[in-house]
Asks: 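Just passing along the structure, written as structure tokens.
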Amino acid sequence: MAATKRPVTAEDLLRFQFVGDAQVSPDGSKAVYVVTKVDGEKDGYSSAIRITDLEGAGKPLTAPWEGERLIRDHSPRWSPDGERIAFVSNRTGTNQVWVMAVSGGEAKQVTKMATGVESIAWSPDGTRIAFLAEEPKAADPNGSDVRVITTLRYKQDSRGFRGYNRNHIWVADAETGETRQITSGDWEDIDPSWSPDGKSIVFISARDERRDIEHIPGVWKADVETGECTLLASGRGFTTTPVYSPDGRWIAYFDHTQGETSAGNDAVWVIPAEGGEPRKLAKDFDRSAVNWIGTDVKWNGGPHCPVWSADQENIYFLATDGGNCHVYRVGFASGEVEAVVYGDAQVVGSFTIDRNRTGKIVYIASHPHSCGDVYVRELGVSGPGRQLTDFNRAFYDETYWSTPERFTFRGSDDWEIEGWILKPYGFEAGKRYPLVLQIHGGPHTAYGNALHHEFQMLASAGYAVMYTNPRGSQGYGEKFVRAVMGDWGGKDYEDLMKAADYACTLDYVDESRLFVCGGSYGGYMVNWIVGQTDRFRAAVTQRSICNLHSMFGTSDIGFYFNYAELGDKDIWEHEQFILERSPIRYAPNVKTPTLIEHSEYDLRCPMEQAEQWYMALKRFGVDTELVITPDEGHELSRSGTPKHRIARLRHILNWFERYRDTE
């Protein structure tokens with residue numbers, strides 16, 4: 001370790017610049033991307049769009065405006081002729097579509113939607129832009145602001161109490177801004193994509209009568225002129241992002257067959273453009289076509305959709321494999337899968353392909369010492385891509401970043417489990433260090449080869465940090481990811497305890513100073529762990545669950561998520577099982593000092609969960625504190641305001657420090 005390297009701190013969050021959503025030009029000569037900066041003074045984030053040739057870091061295309069507000073320019077999309085960029089910006093207060101010439105000049109506002117816009121897409125002839133927007137909610141004739149709820153899906157974390165508002169597809173003239181609504185109804189329409197002839201837009205929507213109980217969307221097509229909508233294929237799981245083939249004869253999309261759950265392998269499916277029986281490609285590829293690798297330093301990840309090759313022989317997609325995420329392609333006719341962009345310690349977050357002329361792929365990739373940069377390489381050429389951006393280099397160079405050491409161990413049922421460990425700052429052989437076991441949320445997400453600011457901060461404070469992917473994690477096949485369903489607190493708990501056992505075999509780990517930390521499902525596991533064992537010196541549980549029974553009716557997803565995750569068990573028929581798998585039942589056993597962190601407006605794991613757990617631990621004399629963060633939801637650790645994110649990190653570290661050297 002160089003003497004000039006300093007440790008990572010919570011306040012270093014303010015130093016990151018996040019690079020994302022790279023888009024290659026139609027002729028393959030340039031790329032645009034988004035750079036997001038953390039603004040400590042204004043307590044938020046600003047973003048601008050940059051443009052580059054494919055040789056270097058380029059120059060600004062847009063710049064954050066000066067003033068009191070934080071400006072966010074994002075989602076850049078090339079016009080088909082490559083002369084203009086459409087993007088989304090909040091320059092006038094709400095997110096609207098803007099267009100500017102690539103050669104420079106002032107951007108022009110295209111839309112003026114009262115509710116703002118998202119998910120923009122150019123028409124093939126470059127005259128129109130499709131986007132999503134909510135229909136304005138009609139004012140109550142009596143002026144009342146009282147909500148009348150008639151559906152189960154009336155709230156959503158990060159969006160609040162949505163009422164009857166739903167996203168629909170609109171189309172705006174790119175020159176005049178004249179706007180026309182294409183779809184409507186008491187449902188949501190997402191993921192719009194144009195047909196090559198510009199006459200249709202294919203999209204995703206759930207319109208069947210059971211959509212409020214079980215949301216399984218299908219692939220739909222809208223006639224742009226008439227607005228007439230036709231169901232092309234019924235979905236079977238998390239159906240997303242349909243895309244026409246270049247000749248307009250086929251549509252590719254992602255789906256799995258496990259219903260409304262993330263515990264399934266999203267795969268590439270294709271259907272004829274006029275509808276028909278879906279065909280799954282890559283039937284033997286036992287991975288999910290999603291980047292499931294979690295991190296706390298990422299922004300503007302960019303879209304992920306199936307990408308057709310120009311000759312239609314292949315379809316490109318992302319997939320998580322263990323702790324990595326690669327770009328793959330599958331043969332349209334053969335169904336054979338081949339890795340295209342891959343590395344031993346690399347997470348590709350998004351990619352874009354020039355399909356017209358040069359065969360280039362531009363992508364965002366991160367690794368344990370980088371939160372992500374833009375890379376480019378030729379398709380069909382092996383070897384690493386060429387890095388185009390390096391915005392955080394000075395920050396990285398002055399700071400010590402521990403390098404994760406990968407390991408595997410035998411979990412429950414003798415299953416192989418993958419994990420990583422960060423050695424502490426100033427590591428000296430022969431010394432023994434405290435260790436923090438980190439547990440990810442989901443449960444169907446994964447840790448991997450991404451940079452984690454929180455983990456690095458703990459390592460810099462003198463802790464070894466271990467993070468693993470127990471059963472239920474994505475990246476190891478469908479049997480592995482579904483193994484936790486119906487068994488929360490069962491063999492997943494055994495996997496984690498065997499991870500702790502492995503940590504104790506390392507000669508630099510002090511087994512008398514083990515700590516545990518996790519959020520969401522990871523918070524559930526922390527609560528479960530401290531009710532089953534006293535081996536951890538202190539615990540931090542975040543945005544957590546302690547009572548699965550009450551979560552059914554208070555979480556925005558509880559009524560269907562809990563049912564599926566607990567093995568198709570409902571609170572009336574299986575009340576005893578659900579309470580047996582609720583950590584609150586074991587509160588009398590808890591002796592571990594536990595910090596409870598929760599966001600006041602978390603609708604995913606509601607505030608009442610933290611309050612129940614705090615009440616229980618306090619009543620039984622456990623050393624505990626409840627930290628409530630106002631004006632934040634479930635995503636505090638990833639996208640909350642900078643001051644709240646830094647405060648959260650300080651509370652975690654301070655809690656562990658309180659018990660680090662006690663007996």
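Source: prediction; values computed, not measured.
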Asks: Could you walk me through whether Asp189 and Trp220 pass side chain to side chain contact (heavy atoms under 4.5 Å, CB included), step by step?
Replies: CA-CA 9 Å; Asp189 305 320; Trp220 290 75; over 6 Å; no
Asks: State which residue, out of Leu61, Asp21, Thr52, fulfils the side chain to side chain contact (heavy atoms under 4.5 Å, CB included) condition with Tyr33.
Replies: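 Considering Leu61, Asp21, Thr52, a side chain to side chain contact (heavy atoms under 4.5 Å, CB included) with Tyr33 is found only for Thr52.
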Asks: Establish, for the pair Arg279 and Phe332, whether the NZ or CZ atom is under 6.0 angstrom from the six-membered ring centre and no further than 45 degrees off its axis.
Replies: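 So Arg279 does make the cation-pi contact.
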Asks: Are His215 and Tyr560 an aromatic pair, judged by ring center distance below 6.0 Å?
Replies: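 When the ring centroids of Tyr560 and His215 are compared, they turn out to be at least 6.0 Å apart.
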Asks: Report yes if some heavy atom in the side chain of Arg249 is under 4.5 Å from a heavy atom in the side chain of Gln312; otherwise report no.
Replies: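 Arg249 vs Gln312: side chains apart.
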Asks: Hey, are Glu175 and Arg84 close enough for a salt bridge, meaning a charged N less than 4.0 Å from a carboxylate O?
Replies: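 Salt bridge present between Glu175 and Arg84.
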Asks: Could you check whether Asp354 pairs with Lys360 (Lys NZ or Arg NE/NH1/NH2 to Asp/Glu carboxylate O, under 4.0 Å)?
Replies: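 Between Lys360 and Asp354 there is no salt bridge, as every charged N stays at least 4.0 Å from the carboxylate O atoms.
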Asks: Do the side chains of Asp223 and Lys199 get close enough for a salt bridge, i.e. N-O under 4.0 angstrom?
Replies: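 No, this pair does not count.
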Asks: Would you call Arg159 and Glu188 a salt bridge, taking side-chain N to carboxylate O under 4.0 Å as the test?
Replies: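 Salt bridge between Arg159 and Glu188, a charged N being under 4.0 Å from a carboxylate O: yes.
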Asks: Between Lys280 and Asp255, does any side-chain N to carboxylate O distance fall below 4.0 Å?
Replies: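 Asp255 and Lys280: not salt-bridged.
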Asks: Between the side chains of Glu134 and Arg166, is the shortest nitrogen-to-carboxylate-oxygen separation below 4.0 Å, so that they form an ion pair?
Replies: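 So Arg166 does not pair with Glu134 through a salt bridge.
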Asks: When the ring centroid of Phe18 is compared with that of Tyr45, is the distance short of 6.0 Å?
Replies: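 No, they do not, as the ring centres are separated by 6.0 Å or more.
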Asks: Set out, in order, the CA-CA distance, both residues' side-chain angles and the distance that settles side chain to side chain donor-acceptor pair (under 3.5 Å) for Ser158 and Gln156, then state yes or no.
Replies: CA-CA 6 Å; Ser158 79; Gln156 183 178 347; 5.2 Å; no
Asks: Any side-chain heavy-atom pair from Lys221 and Tyr244 closer than 4.5 angstrom?
Replies: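 A side-chain contact exists here, since the closest heavy-atom pair is under 4.5 Å.
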Asks: Return the orientation label for the His256 and Phe238 ring planes: parallel under 30°, perpendicular over 60°, tilted otherwise.
Replies: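 Tilted: the ring planes of His256 and Phe238 meet at 30° to 60°.
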Asks: Does the side chain of His440 come under 3.5 Å of the side chain of Gln474 through a donor N or O and an acceptor N or O?
Replies: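 Side chains of His440 and Gln474: no pair found under 3.5 Å.
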Asks: Looking at Glu260 and Arg210, does any basic side-chain N land under 4.0 Å from a carboxylate oxygen?
Replies: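 Not counted as a salt bridge, because no side-chain N and carboxylate O are separated by less than 4.0 Å.
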Asks: Do Asn314 and Val330 have side chains that approach each other closer than 4.5 Å (heavy atoms only, starting at C-beta)?
Replies: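 The answer is no; the side chains never approach within 4.5 Å.
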Asks: Determine the interplanar angle of the Phe317 and Phe254 rings, folded into 0 to 90°, and report it as parallel if under 30°, tilted if 30 to 60°, perpendicular if over 60°.
Replies: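 Perpendicular, since the angle between the ring planes exceeds 60°.
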Asks: For Lys283, does the NZ atom have more than 12 heavy-atom neighbours from other residues, nucleotides or ligands under 6.0 Å away?
Replies: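 Incorrect, the count does not exceed 12.
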Asks: With side chains defined as the heavy atoms from C-beta onward, is the minimum distance between Met485 and Thr261 less than 4.5 Å?
Replies: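 Yes, at least one pair of side-chain atoms sits under 4.5 Å.
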Asks: Ignoring hydrogens and angles, state whether a donor on the side chain of Ser520 or Arg543 is under 3.5 Å from an acceptor on the partner side chain.
Replies: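 On atom types as modelled, these side chains do not qualify, holding no pair under 3.5 Å.
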